[in-house]
**Student:** 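Structure incoming, see below.
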Amino acid sequence: MTNISTDHVKVHFRMDVGEDGWPPAGVESLWAVDLGDGTVRLDNTPWFVRGVASDDIIRVEVDDEGIRWAGETVRASENCTIRLIVLKDGGTAAARQSVLEIFYSLGTTGEGIEKYRMVALDVPPTANLPKIRQLLEHGDAKGWWHWEEGCVTAAWKATASEGARRALS
């Protein structure tokens, strides 16, 4: 995320909480840049919202209280959102920072949150997608983390089929 400026606004996303209590909230708010035409450009990585990523252009509706509510995605950014629950070393701050650094070396950005031992990664299309997937799967198999795809692209999905093809050959 860039520095917050006067162009930044909070956009609220409604979410359905499952029977398991996840996600842990019915609304998530994300920073965005107001584009002045009823749309915003998301400017941080979602923790829980599915189907959106940083730099997506989203239509918003403002309610009577001035709260901006997310509507449809007008233009997807081609960024992916990947989330991890860090298990290694109990998900300590040092463990989360280590995860961020290793993925940063592959072209991602992101941040961690202590409460859920989570790391949210913003994965641009220029990142090393095959290596990122390989590392995610390796760390999952080693018990270092669990991970999920919050928002993915066709290029990301292709890395799964590439891995499957390599495993079969």
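Treat the numbers as computed from the prediction; the structure is a model and nothing was measured.
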**Student:** Please check if the side chain of R83 supplies one atom and the backbone of P46 the other of a donor-acceptor pair under 3.5 Å.
**Tutor:** yes
**Student:** Tell me whether D89 contacts the main-chain N or O of G91 through its side chain, where contact means a donor paired with an acceptor under 3.5 Å.
**Tutor:**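 Not a single qualifying donor-acceptor pair exists.
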**Student:** Check the pair D56 / R75 against side-chain contact (heavy atoms from CB on, under 4.5 Å), numbers first and verdict last.
**Tutor:** CA-CA 6 Å; D56 285 359; R75 185 184 60 79; over 6 Å; no
**Student:** Hydrophobic clusters here meaning ILVMFWY residues chained together by side-chain heavy-atom distances under 4.5 Å, can you tell me if F103 and I85 are in one?
**Tutor:**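 Different hydrophobic clusters.
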**Student:** Are the side chain of W145 and the backbone of L136 linked by a donor-acceptor contact shorter than 3.5 Å?
**Tutor:** yes
**Student:** Let me check something: any side-chain donor-acceptor pairs from residues 116-123 under 3.5 Å, sequence neighbours excluded? List them with distances.
**Tutor:**
none

**Student:** Is there a donor-acceptor pair under 3.5 Å between the side chain of E28 and the backbone N or O of F13?
**Tutor:** no
**Student:** Are any of the side-chain nitrogens in D34 or R68 under 4.0 Å away from the carboxylate oxygens of its partner?
**Tutor:** yes
**Student:** Are K10 and L30 packed together at the side-chain level, in the sense that at least one heavy-atom pair is separated by less than 4.5 angstrom?
**Tutor:** no
**Student:** Of all the heavy-atom pairs spanning V86 and A95, show the shortest one and how long it is.
**Tutor:** CG1-CB, 4.0 Å
**Student:** Once ring-ring contact (aromatic ring centres under 6.0 Å, His included) is applied, do any residues pair with H146, and if so which ones, sequence neighbours excluded?
**Tutor:**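 Per chain and number, H146 pairs via ring-ring contact (aromatic ring centres under 6.0 Å, His included) with no residue.
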**Student:** Does any N or O in the side chain of D63 come within less than 3.5 Å of the main-chain N or O of G66, such that one atom is a donor and the other an acceptor?
**Tutor:**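 At least one qualifying donor-acceptor pair exists.
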**Student:** State the CD-OG1 distance between E72 and T39, to the nearest 0.5 angstrom.
**Tutor:** 10.5 Å
**Student:** Quick check for you: to the nearest 0.5 Å, what is the distance between L100 atom CG and S105 atom OG?
**Tutor:** 11.0 Å
**Student:** Might you confirm whether atom NZ of K131 has over 12 heavy atoms from other residues, nucleotides or ligands at distances under 6.0 Å?
**Tutor:** no
**Student:** In this structure, would I132 and Y104 fall into the same cluster of hydrophobic residues linked by side-chain contacts under 4.5 Å?
**Tutor:**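 Unlinked, I132 and Y104 end up in two clusters.
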**Student:** Would you indicate whether the side-chain heavy atoms of L106 and L135 approach each other to under 4.5 Å?
**Tutor:** yes
**Student:** Where do R133 and E149 land on the salt bridge (charged side-chain N to carboxylate O under 4.0 Å, His left out) test, with the steps shown first?
**Tutor:** CA-CA 11 Å; R133 178 175 290 278; E149 300 169 329; 3.2 Å; yes
**Student:** Checking side-chain contact (heavy atoms from CB on, under 4.5 Å) for the pair V40/I57: CA distance, chi angles, key distance, verdict?
**Tutor:** CA-CA 6 Å; V40 298; I57 306 296; over 6 Å; no
**Student:** Given 3.5 Å as the limit, does a donor-acceptor pair link the side chain of D43 with the main chain of V33, or not?
**Tutor:** no
**Student:** With hydrophobic residues grouped by side-chain heavy-atom distances under 4.5 Å, do W47 and V27 end up in a single group?
**Tutor:** no
**Student:** Just by distance, do the side chain of T73 and the backbone of A76 share a donor-acceptor pair under 3.5 Å?
**Tutor:** no
**Student:** Does the side chain of P125 reach to within under 4.5 Å of the side chain of N79, using non-hydrogen atoms?
**Tutor:** yes
**Student:** Does atom CG of D20 have more than 12 heavy-atom neighbours from other groups under 6.0 Å away?
**Tutor:** yes
**Student:** Got a donor-acceptor contact below 3.5 angstrom from the T81 side chain to the G150 backbone?
**Tutor:** no
**Student:** Is E148 paired with R50 through a side-chain N to carboxylate O contact shorter than 4.0 Å?
**Tutor:**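 A salt bridge is present here (some side-chain N lies under 4.0 Å from a carboxylate O).
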**Student:** Which value, rounded to the nearest 0.5 Å, describes the distance between T126 atom OG1 and E78 atom CD?
**Tutor:** 11.5 Å
**Student:** Is any side-chain heavy atom of V62 less than 4.5 Å from a side-chain heavy atom of I67?
**Tutor:** no
**Student:** Would you say CG of D37 has more than 12 non-hydrogen atoms from neighbouring residues, nucleotides or ligands within 6.0 angstrom?
**Tutor:** yes
**Student:** Indicate the ring-plane relationship of W69 and H12, choosing parallel, tilted or perpendicular according to the 30° and 60° boundaries.
**Tutor:** tilted
**Student:** Same cluster or not: are F48 and L84 linked, directly or through other Ile, Leu, Val, Met, Phe, Trp or Tyr residues, by side-chain heavy atoms under 4.5 angstrom apart?
**Tutor:**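 Not linked; separate clusters.
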**Student:** Same cluster or not: V152 versus W147, using hydrophobic residues (I, L, V, M, F, W, Y) connected whenever any side-chain heavy atoms lie under 4.5 Å apart?
**Tutor:** yes
**Student:** Using 0.5 Å steps for rounding, measure from the OG atom of S98 to the NZ atom of K88.
**Tutor:**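 Reported to 0.5 Å precision, the distance equals 6.5 Å.
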**Student:** Show the numbers, then the answer: is there a side-chain contact (heavy atoms from CB on, under 4.5 Å) between W31 and V11?
**Tutor:** CA-CA 6 Å; W31 285 109; V11 176; over 6 Å; no
**Student:** Could you report the tightest heavy-atom contact between P124 and L129, atom names first, then the distance?
**Tutor:**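 Scanning both residues, the minimum pair turns out to be O-CD2, 4.0 Å.
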**Student:** Within a reach of under 6.0 Å around CG of L35, are more than 12 heavy atoms found that belong to other residues, nucleotides or ligands?
**Tutor:**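 Check passes, neighbour count above 12.
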